[in-house]
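Per chain, numbering begins at 1; letters A, B, ... match sequence-line order.
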2 protein chains.
Amino acid sequence: MATHVESRIEPRIPLSRERVLRAAVKVADERGIESLTMRRLAEELGAEAMSLYYHVANKDDVLDGIADLIVSEINDLVDQIELPAKGPDWKNAVRQRILSARQVLLRHRWAPRLLETRTTVSPAVLRYHDRLIGLMREGGFSYDLAHHALHAMGSRALGFSQELFDPGGDAGDDDATAALETMADELPHLVGMLMEVAHDDPASTLGWCDDQTEFEFGIDVILNGLDRLRETA
Amino acid sequence: MATHVESRIEPRIPLSRERVLRAAVKVADERGIESLTMRRLAEELGAEAMSLYYHVANKDDVLDGIADLIVSEINDLVDQIELPAKGPDWKNAVRQRILSARQVLLRHRWAPRLLETRTTVSPAVLRYHDRLIGLMREGGFSYDLAHHALHAMGSRALGFSQELFDPGGDAGDDDATAALETMADELPHLVGMLMEVAHDDPASTLGWCDDQTEFEFGIDVILNGLDRLRETA
DNA sequence: ACCTGAACACCGTTCAAGT
DNA sequence: ACCTGAACACCGTTCAAGT
C-alpha cells in the first residue's frame, strides 16, 4: 500500500533504450564520464542497475550508444548547412561542417575521448563521413584522394584533435611558468618557445590545449594541402 | 623451513619502481593493457599486489610510468639520428624522427591509446617535443610557427594518429564487403569509395586503419604545408 | 514483458601487522 | 626498509524470482 501511494504520486515512466542512453549522456555531461556507472545510471532513472540490462546489452553497449547519440547530434546540425557550388567551394563547406561538429563536442567534453576509444563503428560516424566524401566528390576529388583525405584529417574531420601534451595551456599560470624556468637547462627550446608564445595563448576550448585558433590552423594546413593536390591531380 | 628451501632455490630479487614498470610493459605487450591489473602485475613479479604500493603510488602512477618508458624508448632511438644541415633539411629530419617513433609504437600497440589518455605530461614527451622544436628552429621556424606546427601535428609528431573509424580496414574481408553493399542506399559515397579503394589497401599497422601509407600521406600534407609557411614567413 | 534482490567475481586501495 | 593478509568499497554482470 505504501507502494500504491508512491506509484500514484510518481507514475512510473517505463524504461527504454532511448531513455537509458539519454540519461547516460546527462550523467556524463553533469558528473563526468568516469562517474557513469550502471548503478549511478539506474539511480538517475529511478530504477535498479539490473533493470538496465533488459534494454541494453551491457555497459559497452551504453558507451557505443551515447557515442552514436553525440554524432547524431552533429549530423542534425550539419544537415542544416546549405550545400556548396561545385568546385573550389568544397573547402569552405567542409571547414564549416567541421567547425559545427566542434560546437557540439564543446557541449559534451567527454565525447572526443570516448569516440577515440570506441572500436565498433557508429552508424552516425559512418553517415557523417559519407556526406563528407560527397562534398569532396562535388569539389572534384577522386575516390582515391578522398580516401587519403579522410585519413589525413583523422579525428579533425569530426571537430577535434587530441593533443599529446599541452605546449602552452598552463603557461598563463605563474606556478607553471616558474616550474618551466627551472627546466630551461634540459628543455631549452620548449621553454624558449613557451616564454614567447604564452601571452597570446587564451584558454583552451577542448582537450588539453586544443584551442580554437590552433585547431583552425591545423585544419587549414590540411585543407589547403588537399586543395592543392586536388588542383594538380 | 619449506620457505627456507624455496628462498634458496629462487633467491628473491627485491622489487623496485624500475622492475615494476618493466614488468607492467611486459604484461601489456603480452596480454594487452586491459589485463594489466595490480594483482596480475604482482603475480608477474612473484609478489603480492599490496607490495607494489611500496614502490609506486597507485595504478595511475604505473600507467604514467609505462607511458614515459615507451617515449624514453623513442627518445633513445631518435637521439641516434644525425642532425640535419640548416634550412630546408628540417623537413626530412622531422619526418625521419616521426617514422622512427612510429617503429617503437608498433612494438607496443597499446601505447598510442595510453598516451592519449594520460593527462599528466611525461618528462620524456616534453623532451621529445623540445628536440623537435630545436630541429624546426634550425630549419628557420619562428617560435610562433613552431608552436602552431606542434598543434597541427598533434599525436602525429610522436608517430601515430588515432582514426575515428576505419574507412577501408576490413574492406578486404568478404563479409564486410557484403555488409557494405546492403548499406549502399544510405551511404552511397562511402560505399562507392570503399569499392574502388579496397583492393590497394593492405593490412593496417597501428590503430584501426592507420596504415603506413596513409600515415605518411598525412604527415607529408602537414609537413609540406608547414614548409610553405616557413618559406613565406 | 518488464523489473528486481541476492550473489559472484574481480577491481583498486587502506591499514595494521609481520620480518 | 620492505613485504603481506585481511578487509573494504565499488565495479559489471548472472540468475532465479517476482509482477
Take the protein atom [atom1] of [X] and the nucleotide atom [atom2] of [N], then report the distance between them rounded to whole Å.
{"X": "A:M38", "N": "C:dT4", "atom1": "CE", "atom2": "P", "result": "13 Å"}
{"X": "B:L52", "N": "C:dT14", "atom1": "CG", "atom2": "P", "result": "13 Å"}
{"X": "A:R17", "N": "C:dC2", "atom1": "CZ", "atom2": "P", "result": "15 Å"}
{"X": "B:K59", "N": "C:dC11", "atom1": "NZ", "atom2": "C1'", "result": "8 Å"}
{"X": "B:L41", "N": "D:dC3", "atom1": "CG", "atom2": "P", "result": "13 Å"}
{"X": "B:L45", "N": "D:dC3", "atom1": "CG", "atom2": "P", "result": "10 Å"}
{"X": "B:R39", "N": "D:dA7", "atom1": "CZ", "atom2": "P", "result": "14 Å"}
{"X": "B:H55", "N": "D:dT4", "atom1": "NE2", "atom2": "C1'", "result": "13 Å"}

ask   = Under the 3.5 angstrom rule, does the side chain of A:S35 hit a backbone N or O of A:R31 as a donor-acceptor pair?
value =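 Answer holds: yes.
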query = Does B:E116 come within less than 4.0 Å of A:R113, counting only side-chain N to carboxylate O?
reply =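 Salt bridge between B:E116 and A:R113, a charged N being under 4.0 Å from a carboxylate O: no.
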Basic-acidic side-chain contact under 4.0 Å: B:R131, B:D79 =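 Here B:R131 does not pair with B:D79 in a salt bridge, since their nearest N and O are not under 4.0 Å apart.
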Pair assignment for [N], Watson-Crick or G-U wobble, requiring both distances under 3.5 Å:
{"N": "C:dC3", "answer": "none"}
{"N": "C:dC10", "answer": "none"}
{"N": "C:dA17", "answer": "none"}

key: Exercise: identify the closest heavy-atom pair between B:V191 and B:A184   =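 For B:V191 and B:A184, the tightest heavy-atom pair comes out as CG2-CA, 3.8 Å.
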Picking from [options], which would you name as closest to the side chain of [X]?
{"X": "B:Y54", "options": "C:dG12, D:dA1, D:dC11", "value": "D:dA1"}
{"X": "B:S51", "options": "D:dC3, C:dT13, C:dT4", "value": "D:dC3"}
{"X": "A:A47", "options": "D:dT13, C:dC3, C:dT4", "value": "C:dT4"}
{"X": "A:Y53", "options": "C:dT4, C:dG12, D:dT14", "value": "D:dT14"}
{"X": "B:M50", "options": "C:dT14, C:dG12, D:dG12", "value": "C:dT14"}

request  = Could you please spell out the steps behind the side-chain hydrogen bond (donor to acceptor under 3.5 Å, both in side chains) verdict for A:D210 and B:H151?
outcome  = CA-CA 7 Å; A:D210 175 27; B:H151 277 286; 5.5 Å; no
